[in-house]
Amino acid sequence: MDLVHPLDGLDARPWFSFSHAYGSAEDIPDLLRALTGVDADAADEALSELYGRLLHQGTVYAASAEAVPFLAGIAAAGHRTPDILALLGGMAESEDEYGVAPGRVRAAVADRLPLLLPLLASPEPELRRIAAWAVSHTRATGIALPALRSRWNQEAETSTRAEVLAGIARLDPQNGATVAATVLDPDQPAEVRLAAVFASLDARAPWTELMHSTMLSLLPADSLPSDLDPERDEPLTAVVEALLNRGRHMERKAAFALVDAALHDARAEVRAEGLRAADRACMLSRSAPRRLVWNLRAAAVDEESVVAMSSLLGRLGSVAAPAADILAPLAGRHPGHDDDHADRALAALVRVAPAQSAPLLAAGLGRRPRALDAASGFRSPEDSPFPYSGELLDAVRNRLAQLETLSGNEAWQLTNLLAGWGAEAAQALPELCAALPYFPGPAAHALAAVAADCAPGDRARAVTSLRVVAAEQGGLPAAKALHDLDGDVASLLRCLEQDLRRGPGPLREAATMAAALGSRAAVLVPALREALDAADGDTTPALDTDTALAEALWRVTGDAEGVVAALDSVFARAEQNPWSRWAVVRAARTTALLGPAGRPLVARLEAALDNPVQAPAVVLALTAVAEPSSQDRSVLADAALRSAEQDADPAGACDALEALGPGALTGDHVRRLVALADSDARVLRSGVDDRIIRRDEALRIRVRTLSTAHAAPAAP
């Protein structure tokens, strides 16, 4: 392997036939040459470009594997060696592979270990450290492990020693745990002891009192971890997560004990680390909120700590009620002035103790945007409405009377609050009517919700205001509200036809509303067909729009032929877009509406069944459209259940299992459902942070109901 000429053979490779994140790899040779040049700025730019092309957001490509030999040669020849080692290690680490055989990039790096391993003996400690990290990611245990063990016996520099131990544990966890056991003593450097704790966890070694005391002795620990391991940049949180993920009672107790100790520490920086660990624990463990809430309350020793934990307390909702009294004083401070800390505390109190928060929100309305957002459900429309408060209603009316002062999302937030109260907000109808010309979207929605169950006179006044705005401004919101209140379909149809012919922007919403009208939207059929005939592109928005148009045609006409063709096109185009999984979900759910008329799409559905995100919707569709005798219902149940277990589409999985019925589930399926309902680990772990806990608790109730309904009757 030639170190003198690391670019030999570069131009002999058919780079145009390889691809990277941005297409053809024809540009890679010039970038590699720039790395070896004398122009430092050009080399910096080339390195950045290579990262973006060969390791784009952690993904590797065919061109990545092809570039490895040249990158390794450049590094070994002394050009930008630490930077290129980091790039090679990142490519070896990646399991997100696109357009390249699984493991091929990693194997390419491993093949260059004879060039890279000598760098472990570099006189530069930083270079030795990065080399240890990079070579360990090749998973080439037979070659790399002896080299790292040898380096461990010689290495004296603390950070490098810690990285070498991490590399040994990465290649051979049991070997790493054995080495780690020798360096847990308090006289060892903190970075090495932290690496030893992680090595023990990676080997799933029993969590001992020594590990517990070691971890606590390292706090505050945020400055200790390697910059090469960003997933563990908050060590206490990473340790707590690792223990909770073991799924056993004793490790769960150990995790909570670490959090408790940190939250009760006299040092503010340690309490801050404890709070972040508590936050992660509550996102992972169903028992954590009730177990930790009193310790969180105890850690609220000053204003800064109350503000820091307010987001978590808000996500815990009513479970955090014991902490309401630490939020209330700050939440009620300075209601007549902008006060971000008070706003954060009040936003949490809205979730934790809504009734207690209502008068405080009323007093500060207009100056508490976070709290108003939490109360209105503007970003969480699936939330239950905020409890009615006459005091808050008066404040909302006063705020709406000052339309010129409203800013940002405030119009939506105020009107959503009123819409949630329905007829209880009838006193605000004058303000809503006055706001309608200025904020037609939010005001029309609220008028329809509030006036729907009001006295006839109030309802008539709302309809009159909507007719005026609809006549003067047009627009879909007023027309839809008119339809909802008095059944006026003519105005709505005119607006929908305009939007259907206007172009891509409003198409999907217009199609959805047309579908809701059913046969009453028959006049829109030509516009719907014209929009569908213009369908093009495989982006998710384009596919979703076409699905909405197809559904509208089905609901309006009941004519399956054109609808089946349109959905078939959506499925076909989705195969060209790796990010189109949710577009397939929506197309499958629309297919389910067709019943047996959708049978020509069965092959498309079956081809999508293996994807966990798509599986629940596909199961629903197959249950509705396929010949019953052609489907193994227990196989379909298994696909839906796997989707829930993998947090792909748990809610959709429940829909699918309900549609399949009890006869589709085996005893093993029922046991797995029970495990989903009763395990301490949350099923939902992804999504918007402030909704995960609430949605997981709702899912738990639903899964428990399902498992009970599907359980075999007990023997007499």
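The first residue in the sequence is number 1, and the count goes up from there.
- By the 4.5 Å heavy-atom criterion applied to side chains, H445 and K480 are not counted as neighbours.
- Salt bridge R702/D655: present, at least one basic N to carboxylate O contact under 4.0 Å.
- Taking 4.0 Å as the cut-off between side-chain N and carboxylate O, R291 and D260 count as a salt-bridged pair.
- Within the 3.5 Å criterion, the main-chain N or O of R685 finds a donor-acceptor partner in the side chain of D647.
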Item to complete: Could you please spell out the steps behind the side-chain contact (heavy atoms from CB on, under 4.5 Å) verdict for R370 and L346?
Response: CA-CA 8 Å; R370 295 177 187 272; L346 183 54; over 6 Å; no

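- Using a cutoff of 4.0 Å between basic side-chain nitrogens and carboxylate oxygens, R671 and D678 are not scored as salt-bridged.
- Counting heavy-atom neighbours within 6.0 Å of R290 CZ, excluding the residue itself, gives a total of 12 or less.
- Annotation: E231, atom CD; neighbour count of heavy atoms from other residues, nucleotides and ligands within 6.0 Å does not exceed 12.
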Item to complete: Output, in order, the C-alpha distance, side-chain angles, deciding distance and verdict of side-chain contact (heavy atoms from CB on, under 4.5 Å) for V259 and N295.
Response: CA-CA 9 Å; V259 176; N295 294 293; over 6 Å; no

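- Taking both residues in full, the closest heavy atoms of L165 and G176 are given as CD1-O, 3.9 Å, listed atom of the first, atom of the second, then distance.
- Salt-bridge annotation for R367 and D338: present, with a side-chain N of the basic residue lying under 4.0 Å from a carboxylate O of the acidic one.
- Contact of the P206 side chain with the M211 side chain is not registered, since no non-hydrogen atoms from C-beta on lie closer than 4.5 Å.
- By the 4.5 Å heavy-atom criterion applied to side chains, L201 and W207 are counted as neighbours.
- Put simply, the side chain of S376 gets close to the backbone of D373: a donor and an acceptor are under 3.5 Å apart.
- Between the side chains of D302 and S305, at least one donor N or O lies within less than 3.5 Å of an accepting N or O.
- Closest heavy-atom contact between A428 and R397: CB-CG, 3.8 Å.
- Here the CG-CG distance, from L228 to D233, works out to 12.0 Å after rounding to the nearest 0.5 Å.
- Of the charged side-chain nitrogens involved, none lies within less than 4.0 Å of a carboxylate oxygen, so that R700 and D696 do not count as a salt-bridged pair.
- For H669 (side chain) and T666 (main-chain N/O), a donor-acceptor pair under 3.5 Å exists by modelled atom type.
- Under 3.5 Å, the side chains of E191 and T158 contain no donor-acceptor pair of N or O atoms.
- Residues satisfying the ring-ring contact (aromatic ring centres under 6.0 Å, His included) criterion with Y438, sequence neighbours excluded, are absent altogether.
- Residues R252 and D680 form a side-chain contact, since some pair of their non-hydrogen atoms from C-beta on lies under 4.5 Å apart.
- P442 has its side chain out of reach of N416: every pair of non-hydrogen atoms, C-beta onward, lies at least 4.5 Å apart.
- Under a 3.5 Å cut-off, the side chain of R297 and the backbone N or O of P322 do form a donor-acceptor pair.
- Residue P289 comes nearest to S285 through the heavy atom pair CD-O, 3.4 Å, listed as atom of the first residue, atom of the second, then distance.
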Practice prompt. Using the side-chain contact (heavy atoms from CB on, under 4.5 Å) rule, take V350 and L360 through it: C-alpha gap first, then chi angles, then the decisive distance, then the call.
Written response: CA-CA 10 Å; V350 163; L360 304 181; over 6 Å; no

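- Residues W133 and E93 form a side-chain contact, since some pair of their non-hydrogen atoms from C-beta on lies under 4.5 Å apart.
- We find the CD-CZ distance between Q646 and R642 to be 7.0 Å, quoted to the nearest 0.5 Å.
- Atom CD of residue E424 and atom SG of residue C454 lie 10.5 Å apart, to the nearest 0.5 angstrom.
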Discussion item. Between L657 and L673, does the side-chain contact (heavy atoms from CB on, under 4.5 Å) criterion hold? Intermediate values first, please.
Written reply: CA-CA 10 Å; L657 292 172; L673 272 177; 4.0 Å; yes

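- Defined by atom type and a distance below 3.5 Å, a donor-acceptor pair is missing between the side-chain atoms of R232 and S226.
- Residues L417 and Q413 form no side-chain contact, since every pair of their non-hydrogen atoms from C-beta on lies 4.5 Å or further apart.
- Annotation: side chain of D343 is not in contact with side chain of L372 (no heavy-atom distance under 4.5 Å).
- Between D339 and R333, at least one side-chain N (NZ, or NE/NH1/NH2) sits under 4.0 Å from a carboxylate O, which counts as a salt bridge.
- One distance of note links CG of L418 with CG of L400; it measures 6.0 Å at 0.5 Å rounding.
- Checking D649 against S643 by side-chain atom types alone, no donor-acceptor pair falls below 3.5 Å.
- A salt bridge between R271 and D265 is absent, with no side-chain N of the basic residue lying under 4.0 Å from a carboxylate O of the acidic one.
- Between E251 and R248, at least one side-chain nitrogen of the basic residue sits less than 4.0 Å from a carboxylate oxygen of the acidic one, meeting the salt-bridge criterion.
- Surrounding CG of D453 are at most 12 heavy atoms belonging to other residues, nucleotides or ligands under 6.0 Å away.
- For the residue pair P359 and E391, the shortest heavy atom distance occurs at CB-OE1, 3.5 Å.
- In this structure, the side chain of E273 engages the main chain of A221 through a donor-acceptor pair within 3.5 Å.
- In terms of modelled atom types and a separation under 3.5 Å, the side chain of R286 and the main chain of A677 share a donor-acceptor contact.
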Item to complete: Tell me, with the steps shown, if R581 and T540 meet side chain to side chain donor-acceptor pair (under 3.5 Å).
Response: CA-CA 9 Å; R581 293 172 298 175; T540 298; over 6 Å; no

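- Between the CG atom of L292 and the CG atom of L312 there is a distance of 8.5 Å, given to the nearest 0.5 Å.
- Look at E697 and R682 and you find a salt bridge, because one of the NZ, NE, NH1 or NH2 atoms lies within 4.0 Å of a carboxylate O, short of that distance.
- To the nearest 0.5 angstrom, W294 atom CH2 is 15.0 Å from L263 atom CG.
- D279 has a carboxylate O that lies under 4.0 Å from a charged side-chain N of R315, or vice versa, which qualifies the two as a salt bridge.
- Under a 3.5 Å cut-off, the side chain of R589 and the backbone N or O of L620 do not form any donor-acceptor pair.
- Scanning all heavy atoms of the two residues, the minimum distance from P440 to P477 falls at O-CB, 3.7 Å.
- Panel note: side chain W421, backbone F386; a donor-acceptor pair is recorded below 3.5 Å.
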Worksheet item: Under the salt bridge (Lys or Arg N to Asp or Glu O under 4.0 Å) criterion, do R399 and E431 qualify, and how do the steps go?
Response: CA-CA 9 Å; R399 191 75 188 134; E431 287 78 21; over 6 Å; no

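- Of the possible polar contacts, one joining the R459 side chain to the L485 backbone as a donor-acceptor pair under 3.5 Å is found.
- Side-chain atoms of E163 never come within 3.5 Å of backbone atoms of S159 as a donor-acceptor pair (strictly under, hydrogens ignored).
- Just one residue in the list V306, L296, L349 forms a side chain to side chain contact (heavy atoms under 4.5 Å, CB included) with L313, and that residue is L296.
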